[in-house]
Number of protein chains: 2
Amino acid sequence: MSRCVLGSARAVGADKEAAMSLRYGLLGLLAEGPASGYDLARRFQEVLGQIWPAQHPKIYAELRRLADDGLIEVDSEGPRRRTAYRITESGVTEIRRWLAEGDVDHTMRLQPLLRSLFFWLMEPDDLDRHLRREVEFYSGMAEQYSAYAERKDRGEFGAAPPVQSMRVTIEAAVRLSQALADWARWASEHQPPAGHPSTE
Amino acid sequence: MSRCVLGSARAVGADKEAAMSLRYGLLGLLAEGPASGYDLARRFQEVLGQIWPAQHPKIYAELRRLADDGLIEVDSEGPRRRTAYRITESGVTEIRRWLAEGDVDHTMRLQPLLRSLFFWLMEPDDLDRHLRREVEFYSGMAEQYSAYAERKDRGEFGAAPPVQSMRVTIEAAVRLSQALADWARWASEHQPPAGHPSTE
DNA sequence: TGGTTACATGTCCCTAGGTACATGTCCTTT
DNA sequence: AAAGGACATGTACCTAGGGACATGTAACCA
């Protein structure tokens with residue numbers, strides 16, 4: 001109770017920064033310039049659709065918490081209750097600290113990998129169909145990101161530092177979706193015979 | 001209330017199988033043969049360390065729910081309250097249904113990708129250090145999984161269907177960590193000059 | 001002027017994931 | 001015989017994520 005005089009009430013242990021990636025994601029986007037929750041929600045959707053989905057209710061809530069903590073502040077208010085925020089000095093310090101000192105979380109919670117552990121339970125036909133769809137999905141994704149990367153390389157978005165960083169992020173998306181498409185193709189050729197589950 | 005006469009109380013919408021990957025992960029592992037919560041926790045840690053972390057409290061809770069739903073049943077009880085479960089016929093049906101019909105979640109919530117969006121905020125030295133560490137991490141990971149794959153290929157674990165599927169999963173892990181190591185190396189060479197955040 | 005769409009923010013509630021802590025047993029080693 | 005470690009299961013609580021639903025405004029166009 002008494003500890004909440006200033007700053008948001010994120011219970012005890014708020015300092016451990018375990019995850020809180022949405023928080024830093026918003027902070028990072030706001031470092032590029034002022035934006036409203038609505039803007040940020042769209043940016044998250046466009047730029048980070050598959051990478052870091054974020055729903056608008058969470059974004060608005062986190063923005064309020066960031067403001068409570070003084071890492072961002074209201075920049076302007078517009079029509080339709082629009083509230084744009086800008087990052088503060090301590091916000092910049094905080095995201096720089098996170099980037100430089102924060103522990104990187106290397107977890108890859110990829111459902112397709114979990115599923116692949118159980119391919120042996122699938123009928124060959126179902127597995128085949130599944131893998132074809134996966135190849136299609138990841139190839140399409142790789143193509144989309146590649147096209148985006150090309151537009152960046154042609155300079156369509158300028159060459160400001162944030163754009164250059166986004167180019168790096170997109171490169172990762174291209175390489176990962178390519179790798180997963182190749183893997184699914186490889187798996188089709190590596191198909192094991194269907195097995196029989198043990199109900200003992 | 002009245003809908004909980006049989007089966008676990010997973011509120012309304014339990015049928016929508018949104019995520020619930022842990023549930024199917026456990027079901028899939030149990031399709032290989034009976035195992036206790038402790039066994040499954042260790043398997044999750046060994047096989048799916050970076051891919052699908054699962055803490056034992058969640059595993060035990062989910063096992064009870066699976067048992068309530070009749071998808072698994074108690075196989076044997078041993079010393080120290082050890083309780084091994086085995087999958088039931090309807091459990092097999094359910095995981096096969098999920099594998100064949102369930103929607104695949106293609107989300108890649110990779111924190112390193114989110115971080116890369118904000119590389120432009122980092123001091124060149126910090127960024128360099130960060131990228132070197134990432135290369136090291138992912139190279140090591142790729143090597144570990146490669147070694148594991150080789151042992152599988154030499155037949156050290158037999159060639160039963162579940163082992164063959166795990167080989168496929170490991171292949172994905174190798175390819176992904178390789179891709180991320182390459183990406184981090186590429187990023188070091190693609191380093192943009194540090195930018196100045198806009199506090200307006 | 002009426003209807004639709006995009007803008008804009010929010011509440012509520014549930015599931016999923018993660019950590020801390022609690023408890024007790026069996027085995028091995030010293 | 002004591003002590004420590006691996007085995008084994010659990011409770012409690014918190015954060016993070018996601019969907020459903022609610023509300024209202026401004027712009028556009030037919």
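Just the heavy atoms: all of them, side chains too, but no hydrogens, waters or symmetry mates, feed the values below.
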A:K58 vs A:R80, nearer the 5' end of DNA chain D by closest nucleotide:
A:K58
Specify the residues of residues 25-46 of chain A, ordered by number, for which at least one heavy atom lies under 4.0 angstrom from an atom of DNA chain D.
none
Do the side chains of A:V104 and B:E134 get nearer than 4.5 Å, heavy atoms only?
yes
Could you work out which one of D:dT9, C:dG10, C:dG17 sits closest to the side chain of B:R81?
D:dT9
I want to confirm an ordering. Mapping A:H56 and B:Y85 to their closest nucleotides on DNA chain D, which one lands closer to the 5' end?
B:Y85
Select one nucleotide: of C:dT25, C:dT19, D:dT11, the one nearest the side-chain heavy atoms of B:R64.
D:dT11
Among side-chain atoms of B:E73 and B:T88, is any donor-acceptor pair under 3.5 angstrom?
no
Please list, by residue number, the residues of residues 103-114 of chain B whose heavy atoms come closer than 4.0 Å to an atom of DNA chain C; answer none if no residue qualifies.
none
Can you classify the ring geometry of B:W98 versus B:Y24 as parallel (below 30°), tilted (30 to 60°) or perpendicular (above 60°)?
parallel
For the helix from C:dT1-D:dA30 to C:dT30-D:dA1, measure the angle between the helix axis at one end and the axis at the other, each built from five pairs, rounding to 10°.
20°
Need one value for A:T83: base, sugar-phosphate or nothing, where a base atom within 4.0 Å counts as base even if backbone is also close, heavy atoms only.
sugar-phosphate
Once you measure the plane-to-plane angle for B:H106 and A:F137, does it fall in the parallel (<30°), tilted (30-60°) or perpendicular (>60°) bin?
parallel
Please work out which of the three classes, parallel, tilted or perpendicular, describes the rings of B:F119 and B:H130, given edges at 30° and 60°.
perpendicular
Give a yes or no on whether the backbone of B:L117 and the side-chain of A:T169 come within a donor-acceptor separation of less than 3.5 Å.
yes
Can you label the angle between the A:H190 ring and the A:W186 ring as parallel, tilted or perpendicular, going by 30° and 60°?
parallel
Per A:A19 side chain, nearest of listed nucleotides D:dG19, D:dT9, D:dA16
D:dA16
